[in-house]
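We number each residue from 1, following the sequence as shown.
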Amino acid sequence: MTVTAFAPAHITGFFAVRPDPDPVKAGSVGCGLCLETGVTARVTTSTTGTTDTPDTLDTLDTADITGSGVLIRLNAEQIDLPTVEYVVESLLGAGHSQCVVELRADVPLGYGFGVSGAAALATALAVNTDLGQGLTMEQAAAVAHSAEVVNRTGMGDVAGQYAGGLVIRTVAGAPGVGAVKKVPVDAMEVSWVCMGEISTSSVLEDEKTMERINILGQRALKAMLKRPGVEHFMSLSRDFAFETGLVSPGAADAIEAVEASGGLASMAMLGDAVFALGDVSALMEFGPVGSSRIGTTGAHNL
């Protein structure tokens, strides 16, 4: 059986981590926006003992299948993606021996677009529908959130991606455990340029950096709740990027160039990519520019 689901890309502007031994309760507060682009997961499974085997599985080299019985491809290239493996191993029934997860990402992995979270979330929704384990969408999303926390690839993307739009995460945790507030926003154009990759886990494991992030992230959250809106979000995100010291020299130059031309810009958390609203022509001198409108719809099955 083959099932397809979609989860939007998510750009975090600012955040503060809230650790907890239970990954469902752990996460982050803060704010981020979702895009219309994101990750589509096409999941094909077969059950041991059945005679019908999907064509996708028939054509596989058995060496491609991992010990957990899953093959993951991102944009047609085989990849190890721990968040997706976690989801499959958590949701896949014991009688299922093979699973192929074909992921199509419209934004790059490793640059702060929440691809690992979107891949986990889309896969969770698809696998849950396929196997009919009786979980609600919210419960399946909680598994994807746990996958991110356990693998140190993200702390709040899934909560935002499940909701869609411009999302303030007011209480940390998975969907159904944490709390979010959606800010009404038009589907305006967001543009970006990628500079380089940042390891999320390396930042999360740096105690001094995290202490500074948590103080400034909590301050930005309070300010956003007092005056929610996309322009204020961009301003707070910009200040957070510079005051935490996370902004790279190249990203700082790109942000300042956009501001000089009248636009609004900041750095995606956590990735060395600059995202911008308004006049973004200045971004073109820093590399190829991508764009998408803000997506107001959360993750869903297709």
Side-chain angles (χ1 to χ4, degrees), residues 8-17 27-35 107 111-114 117 154-157 159-161 163-170 172 180-186 188-195 198 200 203 209-210 212-280 282-283 286 289-295:
H10 177 257
I11 300 173
T12 295
F14 56 84
F15 69 100
V17 171
S28 67
V29 295
C31 189
L33 58 82
C34 290
L35 304 177
V107 289
Y111 290 89
F113 293 94
M155 298 294 285
D157 285 321
Q161 289 161 335
L166 178 60
V167 184
I168 305 174
R169 304 185 306 282
T170 57
V180 302
K181 178 181 179 181
K182 290 187 67 169
V183 180
V185 61
D186 294 331
M188 61 182 64
E189 196 83 3
V190 180
S191 298
W192 62 83
V193 62
C194 296
M195 308 284 187
I198 292 178
T200 298
V203 175
T209 298
M210 286 310 307
R212 187 165 62 250
I213 284 172
N214 288 336
I215 291 171
L216 294 170
Q218 183 63 37
R219 188 176 73 185
L221 173 62
K222 288 181 179 180
M224 184 69 181
L225 287 170
K226 288 180 180 178
R227 185 160 59 90
V230 68
E231 290 187 0
H232 195 206
F233 162 72
M234 293 298 296
S235 175
L236 291 170
S237 299
R238 191 260 192 213
D239 291 345
F240 179 83
F242 279 89
E243 291 174 12
T244 56
L246 291 172
V247 68
S248 68
D253 289 344
I255 291 169
E256 290 167 355
V258 171
E259 291 173 340
S261 64
L264 299 170
S266 185
M267 192 178 93
M269 300 290 152
L270 287 160
D272 195 5
V274 170
F275 67 104
L277 304 176
D279 185 353
V280 298
L283 283 181
F286 296 93
V289 177
S291 64
S292 170
R293 294 193 302 177
I294 295 176

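His10 NE2 to Leu33 CG: the interatomic distance, rounded to the nearest 0.5 Å, is 7.0 Å. With rounding to the nearest 0.5 Å, the separation of CG in Leu225 from NE2 in His232 is 10.5 Å. Residue Glu231 holds its CD atom at 12.0 Å from CG of Leu236, rounded to the nearest 0.5 Å.
A side chain to side chain donor-acceptor pair (under 3.5 Å) with Arg238 holds for exactly one of Glu243, Glu256, Glu259; it is Glu259.
Closest approach of Gly229 and Val183 over heavy atoms only: N-CG1, 3.9 Å. The heavy-atom pair separating Met195 from Ala254 by the smallest distance is CE-CB, 3.5 Å. Nearest heavy-atom pair across Ile255 and Ala265 is CG2-O, 3.7 Å. Contact between Ala252 and Val247 at its shortest, heavy atoms only, is N-CG2, 3.6 Å. Heavy atoms only, all atoms of each residue included: Met267 and Ala241 are closest at CB-CB, 4.2 Å. The shortest heavy-atom contact between Ala282 and Ala257 is CB-O, 3.5 Å.
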Let's go through Thr12 and Arg169 carefully: what are the C-alpha distance in whole Å and the side-chain angles of both, what is the deciding distance for side chain to side chain contact (heavy atoms under 4.5 Å, CB included) to 0.1 Å, and is it a yes or a no?
CA-CA 10 Å; Thr12 295; Arg169 304 185 306 282; 4.2 Å; yes
| request: Would you check, one step at a time, whether the test side chain to side chain contact (heavy atoms under 4.5 Å, CB included) holds for Ile168 with Cys31? | output: CA-CA 4 Å; Ile168 305 174; Cys31 189; 3.9 Å; yes
What's the verdict on side chain to side chain contact (heavy atoms under 4.5 Å, CB included) for Ile213 and Leu246, showing C-alpha distance, side-chain angles and the deciding distance? CA-CA 9 Å; Ile213 284 172; Leu246 291 172; 3.8 Å; yes
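Here ring pair (Phe, Tyr, Trp, His ring centres under 6.0 Å) pairs that include residues 237-272, with residues two or more places apart or in two chains, are Phe15-Phe240. The ring pair (Phe, Tyr, Trp, His ring centres under 6.0 Å) pairs that include a residue from residues 250-272 number zero, where partners must be two or more places apart or lie in different chains.
Annotation: side chain of Leu216 is not in contact with side chain of Phe14 (no heavy-atom distance under 4.5 Å). Contact of the Asn214 side chain with the Val17 side chain is registered, since non-hydrogen atoms from C-beta on lie closer than 4.5 Å. Counting heavy atoms from C-beta on, the side chains of Leu166 and Phe233 come closer than 4.5 Å.
Annotation: side-chain contact (heavy atoms from CB on, under 4.5 Å) contacts of Val280 (sequence neighbours excluded): Ser191, Ala276, Leu283. Take Arg293 and apply the salt bridge (charged side-chain N to carboxylate O under 4.0 Å, His left out) test, not counting sequence neighbours, and it matches Glu36. Evaluation of the ring-ring contact (aromatic ring centres under 6.0 Å, His included) rule for Tyr111 yields no partner, not counting sequence neighbours. The ring-ring contact (aromatic ring centres under 6.0 Å, His included) check on Phe113 picks up Trp192, with sequence neighbours excluded.
Looking at Lys181, its side chain never comes within 3.5 Å of a backbone N or O of Thr170 through a donor-acceptor pair.
Within a 6.0 Å sphere centred on CZ of Arg219, other residues, nucleotides and ligands contribute 12 heavy atoms or fewer.
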